[in-house]
Protein chains: 2
Amino acid sequence: METLRERKKQRTRDALVRTALELFTTQGYDRTTVDDIAEAVDVSQRTFFRYFAGKEEAALAMEDMTVAHFVETVRGRPPHEAPMEALRQSVLEGWDTLHDVIESVVPVELYLRMYQVMESTPVLLAAHLRKSVEIEETIAHILAEREGVDLDTDPRPRLTVAVFGGVMRLTERQWSADGDYSLDAMRALVVSHLEQLGPALSESWRTH
Amino acid sequence: METLRERKKQRTRDALVRTALELFTTQGYDRTTVDDIAEAVDVSQRTFFRYFAGKEEAALAMEDMTVAHFVETVRGRPPHEAPMEALRQSVLEGWDTLHDVIESVVPVELYLRMYQVMESTPVLLAAHLRKSVEIEETIAHILAEREGVDLDTDPRPRLTVAVFGGVMRLTERQWSADGDYSLDAMRALVVSHLEQLGPALSESWRTH
DNA sequence: AGGCTAATGACAGCCACTGACAATTGACAA
DNA sequence: TTGTCAATTGTCAGTGGCTGTCATTAGCCT
């Protein structure tokens with residue numbers, strides 16, 4: 001981030017993300033055109049597409065930052081932890097430092113509102129899920145290396161990640177639906193869901 | 001399917017699906033335009049969009065049939081089975097009768113090739129995942145009713161379905177990657193993955 | 001200062017998708 | 001059978017996402 005050129009580019013990109021999220025959260029994703037965003041930032045439509053491969057990418061730009069942050073947190077977990085425990089701790093711990101990462105680009109409050117839009121916009125939700133799958137593959141690699149198993153023959157890394165991903169998506173959905181956007185609420189949900197995982201899968205649900 | 005009108009409509013729709021899948025699997029999804037499909041079936045582009053909300057929907061039309069079939073199979077499972085076992089049995093059993101359902105519209109071989117295309121086309125994979133989430137919600141409702149629990153307060157139905165969904169997506173991916181498109185291979189993978197679920201989540205992976 | 005290169009703007013054009021209206025075609029009763 | 005009604009389709013025009021191309025601008029570096 002040395003030269004003037006680089007700083008200018010960063011400013012333009014951040015302005016595009018901020019403006020896009022602002023418009024998406026106020027008017028809705030579908031009712032906001034790329035021209036709207038470009039005009040508000042005072043660049044050409046063509047420039048928008050030089051920064052983002054598509055409208056989706058601008059909408060999910062923050063997402064990429066949080067994901068990268070989570071992946072790094074997993075990488076830093078002590079090796080003695082069991083795989084699922086390392087993932088669990090990464091979520092609980094990662095959210096502490098995530099706040100500042102987000103705030104460096106957009107207000108956290110805007111980020112959270114955008115999350116709602118994503119959940120209720122089919123094409124965005126779809127793109128989000130696809131990205132989740134990609135992350136899961138990355139995490140599976142990390143787990144396999146950590147535990148010294150072969151990803152091609154041992155299904156456990158991908159299995160663990162798939163389950164964890166399912167739980168996280170469920171948690172996200174419930175968290176954003178409950179309306180309690182606090183960190184503690186998020187943490188409590190993750191812990192609660194993972195605790196109930198074992199019983200839900202093996203035991204009978206009926207008490208009689 | 002009584003009147004001539006209805007039969008004609010069904011034929012047009014089937015022809016569109018068949019042609020779309022044929023083109024998608026030979027030229028690729030992105031390199032096939034809606035005009036290509038419409039022209040091959042000899043209808044106007046506008047008519048295509050009267051049958052399908054978009055290109056995606058035509059590509060995933062078969063998917064919807066298999067999903068509906070799976071949901072019905074789950075509904076028919078004996079009530080004494082534990083939830084996860086009911087899902088497992090539905091997959092193992094459902095595939096037997098699925099063959100004929102598919103073949104009534106397109107050759108199964110074409111359906112399987114389309115599956116490959118879906119896995120390797122980002123926008124299709126995304127749409128597929130989004131649909132999976134919708135199905136999971138449906139199944140969660142069925143499980144909750146089956147077991148007599150409240151979906152709003154008890155997380156176990158959605159938790160179970162999320163885990164099962166994760167395992168199934170993993171299975172799909174590996175199955176289509178292995179190149180062994182037999183039913184038995186599919187069944188073996190499902191059984192194997194579900195068997196390893198418990199150990200992978202709770203135990204240590206290292207043998208020392 | 002002046003040459004070099006990265007960044008941008010200004011078209012033109014493709015494709016997915018939609019609304020509106022006219023033309024056609026099957027359904028059904030007189 | 002024929003005429004009327006309603007469903008289906010075709011045509012046309014237009015919007016919005018996205019890309020290639022080329023000229024212009026603006027920061028960089030000697």
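Note on naming: letters A, B, ... go to the chains in the order of the sequence lines (proteins, then strands), and numbering restarts at 1 for each one.
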- Query: In whole angstrom, what separates A:Gln45's CD from D:dG20's P?
  - Reply: 14 Å
- Item | Between D:dG16 (P) and B:Lys55 (NZ): distance, integer Å | 21 Å
- Look at all strands and tell whether B:Phe52 reaches a base, only sugar-phosphate, or nothing, counting heavy atoms closer than 4.0 Å. nothing
- Task: With heavy atoms under 4.0 Å as the rule, sort B:Ser44 into base, sugar-phosphate or nothing.
- Result: base
- Could you state the atom-to-atom distance from CD of B:Gln10 to C1' of D:dT8 in whole Å? 15 Å
- Which is the 5'-most and which the 3'-most nucleotide of DNA chain C that has an atom under 4.0 Å from a heavy atom of chain A? C:dA6 to C:dA10
- Note on the structure: Note: A:Phe70 and A:Ser90 closest approach over all heavy atoms is CE1-CB, 3.6 Å
- Message: Applying a 4.0 Å non-hydrogen cut-off, can you work out what A:Phe48 is touching in the nucleic acid: base, sugar-phosphate, or nothing?
- Response: nothing
- Item | Summary of protein contacts for nucleotides 24-30 of chain D, nucleotide by nucleotide, where a base hit scores B, a sugar-phosphate-only hit scores S (4.0 Å, heavy atoms) | --SBS--
- Message: What I want to find out is whether B:Asp96 reaches B:Arg187 closely enough, with some N-O distance under 4.0 Å, to be called a salt bridge.
- Response: yes
- Query: For B:Arg11 and D:dT9, what is the distance between atoms CZ and C1' respectively, to the nearest whole Å?
  - Reply: 15 Å
- Item | Shortest non-hydrogen contact from B:Tyr181 toward B:Ser176 | OH-O, 3.3 Å
- Could you identify which residues of residues 17-42 of chain A place a heavy atom less than 4.0 Å from some atom of DNA chain D, listed by residue number, or say none? A:Thr32, A:Thr33, A:Val34
- Query: Do B:Tyr115 and B:Glu172 have side-chain N/O donor and acceptor atoms under 3.5 Å apart?
  - Reply: yes
